[in-house]
Amino acid sequence: MKAEAVISCKNISKKYRHFELNIDSINFPKGFATALIGENGAGKTTLLEMIAGIKQVHKGEITYFGNYTEKDRENDPYVKEHIGYTGTDKHYFLPHWTLKQTKEIQSVLFDNFDGEKYDQILEDLAVTSSSRSGKDKKVSSLSDGNRIKLMLAGVLARDTKLLLMDEPASPLDPLMRERLCSMLREYLASSEDNDKSVIFSTHNISDMENVTDYAIIIENGTVVEQGFVEDLKEKYVFVRGEKKDEESAKHILYDITSNTYGYEGLCLSENIDKLAGMDVETSIPTLSQLAVGIMRAYTKLKSHS
Amino acid sequence: MKHLSRMITAHNCFCSFLYNIAMLVVMPAFLVPFALVIMSFDNYMGIAIMMTLLSFFTLLADYMPFNGITAKGFFLGIIKTSTHVDSFIKDAIIADQIRRFVQLTIPPTLSLIIATIISANSIDMRLPVFVSTIIFLDYSTTTGIITFTRNILSNNVHAYISLPLTAIIGALNACMLFLFIYDSIHIPFIIWLPISFILSVIISILVFNYTTDRCFSNIKEY
């Protein structure tokens with residue numbers, strides 16, 4: 001499957017003392033939800049912050065909506081007005097702000113901010129009641145989950161074309177994660193010409209699977225796999241086998257884990273014929289199995305076995 | 001009117017309601033009686049000591065709203081993702097400078113008025129000039145020092161540095177006191193009022209430019 005890019009990253013590089021982000025090329029597809037998946041410290045947040053313009057010093061180019069550069073992002077209001085960003089930082093909204101103030105400040109900061117819609121979303125998400133005291137609540141008194149809801153309400157109350165969300169699901173309860181997925185689906189479906197896109201990073205792969213169209217797996221600062229989820233599910237096969245075949249399968253499988261009774265892992269579809277003769281059970285991998293298998297193949301974590 | 005409302009929003013984004021109450025109501029409520037007690041012995045001394053304390057608290061308290069705003073890596077959160085980041089920060093800094101001027105004006109003015117009411121006959125006509133001069137002088141020095149301390153992200157370092165820097169303000173206030181009371185170098189006292197006024201205007205402009213430039217260089221570094 002091929003799609004126009006909403007964001008293109010080329011030759012992106014940023015060096016820290018103990019970490020280096022090196023992205024050769026990523027094209028985030030327009031009109032779809034893209035999940036950035038990777039271990040802690042893999043570079044997901046850094047990449048999202050670069051795209052949002054929070055981290056601006058780096059090498060390489062980022063192109064927005066097909067033809068806007070990073071300089072355009074800072075000089076042409078169109079780019080920032082059409083990007084909604086939610087981060088993980090506790091100071092994204094300063095702690096002393098009241099909920100009423102978050103609305104006032106966002107009204108000043110963003111031209112296309114709809115205050116009534118914001119109030120409605122906050123009420124729907126049970127962050128505020130219509131009472132006056134609810135709106136005087138301070139950001140510092142909110143739980144992590146409610147803080148995410150506050151950010152979510154802020155970006156959804158604007159007329160944006162792209163949502164950049166860093167770990168939106170992590171602090172949320174299972175019910176709210178499901179709600180988040182449906183809100184993102186509604187957001188994507190709300191444009192007539194398919195021009196709304198979502199890019200989010202997540203560790204909650206299973207919960208976010210039903211909203212993920214495209215997946216990018218980042219390990220140690222580089223992209224190790226990317227593609228539409230349906231294409232990736234054709235590229236890899238999930239394999240389970242018996243202990244006796246483990247040694248032979250190890251050389252064929254892309255990634256393998258073993259237990260007392262047997263082994264399981266990912267195999268490239270093109271290599272599945274090499275398993276002929278072995279007693280194996282194959283299935284289409286879930287996004288979680290795909291991501292964990294690919295991450296495990298590239299991780300720097302030492303195996304405990 | 002709309003711009004004024006945006007300025008207030010930008011200012012309150014950094015300075016909480018409690019901070020404003022503490023600076024504009026609570027601090028004068030403590031400092032004015034304190035100044036009046038000393039003014040019952042010496043009007044000039046009372047104003048000078050109160051202004052030194054007021055400047056010290058102003059320096060210390062500035063850490064709460066603007067801790068490290070010009071330091072590299074200061075996190076501006078949602079503000080950074082806005083198209084209006086430049087005008088928003090400019091508004092916040094202008095509003096802060098106005099608030100600080102008001103903050104430094106209320107206690108000495110109140111003290112002067114109360115002292116005049118209590119002892120109308122004994123008030124020297126040089127005292128209002130002295131109060132105005134010291135307000136402009138302390139506004140200039142606190143604004144200048146704050147520009148430096150806003151590069152510090154650590155609370156402890158900020159506090160340790162603010163304390164000795166207050167000594168500079170105290171020394172300047174003592175000099176002004178000396179010049180007014182003793183007329184020692186034969187310069188008419190009135191000259192210090194326009195000098196301190198011009199100084200405060202120049203420092204306001206320089207500090208505004210420096211702070212906004214530093215904030216923007218943090219944001220727009222390529």
Side-chain angles (χ1 to χ4, degrees), chain A residues 48-49 51-59 61 69-98 100-113 136 138-140 147 150-151 154-155 158 160 162-164, chain B residues 1-23 61-69 71-96 153 155 212 214-222:
Chain A
L48 283 175
E49 287 184 347
I51 296 170
I54 290 170
K55 283 201 169 85
Q56 298 193 352
V57 185
H58 63 85
K59 287 179 185 164
E61 290 170 17
T69 63
E70 284 175 86
K71 285 229 161 115
D72 296 333
R73 180 193 62 206
E74 297 306 314
N75 301 320
D76 187 338
Y78 180 86
V79 182
K80 278 192 174 179
E81 283 293 336
H82 287 91
I83 295 178
Y85 172 80
T86 67
T88 49
D89 196 290
K90 286 201 169 182
H91 296 288
Y92 182 78
F93 289 124
L94 295 182
H96 68 261
W97 292 358
T98 60
K100 195 175 149 206
Q101 238 182 324
T102 61
K103 181 178 159 184
E104 285 169 7
I105 290 166
Q106 288 180 95
S107 309
V108 172
L109 290 173
F110 304 105
D111 293 337
N112 54 13
F113 181 78
D136 288 336
K138 284 196 171 182
V139 170
S140 57
R147 223 171 285 168
L150 198 64
M151 288 191 246
V155 291
R158 288 167 51 201
T160 57
L162 171 66
L163 296 185
L164 292 172
Chain B
M1 205 61 190
K2 199 180 171 191
H3 188 234
L4 182 68
S5 147
R6 287 171 82 98
M7 264 172 91
I8 293 169
T9 306
H11 174 263
N12 292 346
C13 162
F14 292 100
C15 302
S16 67
F17 177 71
L18 275 178
Y19 178 84
N20 289 332
I21 291 289
M23 292 295 116
D62 187 70
Y63 182 80
M64 279 182 263
F66 291 102
N67 54 334
I69 192 170
K72 203 173 161 77
F74 180 79
F75 196 78
L76 285 166
I78 190 174
I79 302 162
K80 229 173 170 177
T81 65
S82 163
T83 309
H84 303 301
V85 58
D86 296 16
S87 58
F88 191 83
I89 288 175
K90 277 182 183 170
D91 284 346
I93 291 165
I94 292 172
D96 169 63
L153 279 165
N155 188 9
T212 48
R214 287 281 300 191
C215 284
F216 299 156
S217 69
N218 257 345
I219 295 164
K220 298 195 174 210
E221 206 176 344
Y222 276 92

Main-chain N/O of B:H84 paired with A:K80 side-chain donor or acceptor, under 3.5 Å: no
Separation between CD of A:Q101 and OG of B:S16, rounded to the nearest 0.5 Å: 8.5 Å
Between CD1 on residue B:I78 and OH on residue A:Y85, distance to nearest 0.5 Å: 11.0 Å
Between CG on residue A:N112 and OG1 on residue B:T83, distance to nearest 0.5 Å: 8.0 Å
Interatomic spacing from CZ in A:R73 to OG1 in B:T81 - rounded to 0.5 Å: 11.0 Å
From A:D111 atom CG to B:S82 atom OG, the distance as rounded to the nearest 0.5 Å: 8.0 Å
Side chain / backbone / both / neither for B:D91 at chain A, heavy atoms under 4.5 Å: neither
Closest contact, heavy atoms only, B:T9 versus A:V108: CG2-CG2, 3.8 Å
Inter-residue atom distance B:R6.CZ - A:L109.CG, 0.5 Å rounding: 8.5 Å
